[in-house]
Amino acid sequence: MVQFRAPHLDASFAALADPTRRGILEFLGQADASITELAGAFHMTLTGMRKHIGVLEHAGLVSTEKAGRVRTCTLGPRRLDDETAWIERYRQLWHARFDELDHIVEELQRAERVDPPKQRP
């Protein structure tokens, strides 16, 4: 059995699998925010938001900094380059397969125009 282990990819895709966490990244793409501000924007408890931030922080997608009693969240240092490259490899593979399938369908349609199927009595 072939196993592909890339812990940082696992952490990133696990973090991105949740719509709330994707929303948090969108929010932080506009401006930095405290956990309290994020919890208010997403109508959730501070504990719930801290858990989401923890997952995003573990994946390197968000970083936090504490100043006094406020923990401010910013987009993390990782830019999803590895994840983008991984997806791009499979996008190209599937694109080539669909191109090949299009070619086969065109050949079948051309053959059908030249020699239409016989009607059954």
Side-chain angles (χ1 to χ4, degrees):
M1 176 181 212
V2 176
Q3 291 195 355
F4 180 74
R5 295 282 308 155
H8 66 284
L9 286 178
D10 295 345
S12 295
F13 286 124
L16 294 171
D18 185 277
T20 300
R21 290 193 283 267
R22 290 192 305 271
I24 293 167
L25 292 175
E26 287 286 325
F27 194 96
L28 293 176
Q30 305 297 317
D32 297 349
S34 69
I35 290 178
T36 302
E37 291 169 332
L38 289 169
F42 288 86
H43 307 290
M44 71 174 38
T45 64
L46 288 174
T47 303
M49 183 54 70
R50 279 191 199 107
K51 288 181 181 177
H52 283 295
I53 294 299
V55 171
L56 291 167
E57 207 169 11
H58 174 70
L61 302 174
V62 166
S63 60
T64 63
E65 184 175 319
K66 190 170 184 177
R69 298 178 59 177
V70 177
R71 183 168 290 280
T72 302
C73 303
T74 61
L75 286 180
R78 294 200 49 235
R79 297 177 46 191
L80 298 174
D81 292 337
D82 292 343
E83 293 79 359
T84 302
W86 188 87
I87 291 170
E88 181 60 21
R89 279 196 309 271
Y90 287 96
R91 191 194 68 76
Q92 289 177 1
L93 174 72
W94 281 105
H95 189 71
R97 287 180 177 179
F98 282 121
D99 283 349
E100 193 172 311
L101 182 61
D102 286 344
H103 180 72
I104 291 169
V105 169
E106 287 173 15
E107 288 293 323
L108 289 171
Q109 289 173 336
R110 191 173 335 178
E112 195 170 288
R113 281 192 298 268
V114 172
D115 185 21
K118 306 285 187 241
Q119 295 289 330
R120 291 186 177 182

Given T64, I24, D18, L75, the one that forms side chain to side chain contact (heavy atoms under 4.5 Å, CB included) with L56 | I24
Rounded at 0.5 Å granularity, tell me how far [atom1] in [X] sits from [atom2] in [Y].
{"X": "L93", "Y": "H95", "atom1": "CG", "atom2": "NE2", "value": "11.5 Å"}
{"X": "Q109", "Y": "I104", "atom1": "CD", "atom2": "CD1", "value": "12.5 Å"}
{"X": "H58", "Y": "D10", "atom1": "NE2", "atom2": "CG", "value": "9.0 Å"}
{"X": "T20", "Y": "L38", "atom1": "OG1", "atom2": "CG", "value": "11.5 Å"}
{"X": "I35", "Y": "H52", "atom1": "CD1", "atom2": "NE2", "value": "12.0 Å"}

Between Y90 and W94, is the gap from one ring center to the other below 6.0 Å?
-> no
Might you confirm whether atom [atom1] of [X] has over 12 heavy atoms from other residues, nucleotides or ligands at distances under 6.0 Å?
{"X": "E26", "atom1": "CD", "value": "no"}
{"X": "H8", "atom1": "NE2", "value": "yes"}
{"X": "E100", "atom1": "CD", "value": "no"}

[Y] and [X], any side-chain heavy atoms less than 4.5 Å apart:
{"X": "T74", "Y": "L28", "result": "no"}
{"X": "T36", "Y": "V70", "result": "no"}
{"X": "K51", "Y": "V55", "result": "no"}
{"X": "I53", "Y": "R71", "result": "no"}
{"X": "V62", "Y": "R21", "result": "no"}

Taking all non-hydrogen atoms of both residues into account, name the closest pair between [X] and [Y] and its distance.
{"X": "A59", "Y": "A11", "result": "CB-O, 3.6 Å"}
{"X": "R22", "Y": "L16", "result": "NH1-O, 2.6 Å"}
{"X": "D32", "Y": "E37", "result": "O-OE1, 4.5 Å"}

May I ask whether M49 and F27 are part of the same hydrophobic cluster, defined by side-chain heavy atoms of I, L, V, M, F, W, Y residues being less than 4.5 angstrom apart, directly or through others?
-> yes
Flag yes if F42 and L46 sit in one hydrophobic cluster, no otherwise; membership is Ile, Leu, Val, Met, Phe, Trp, Tyr, and two members link when side-chain heavy atoms are under 4.5 Å apart.
-> yes
Looking at R91 and E88, does any basic side-chain N land under 4.0 Å from a carboxylate oxygen?
-> yes
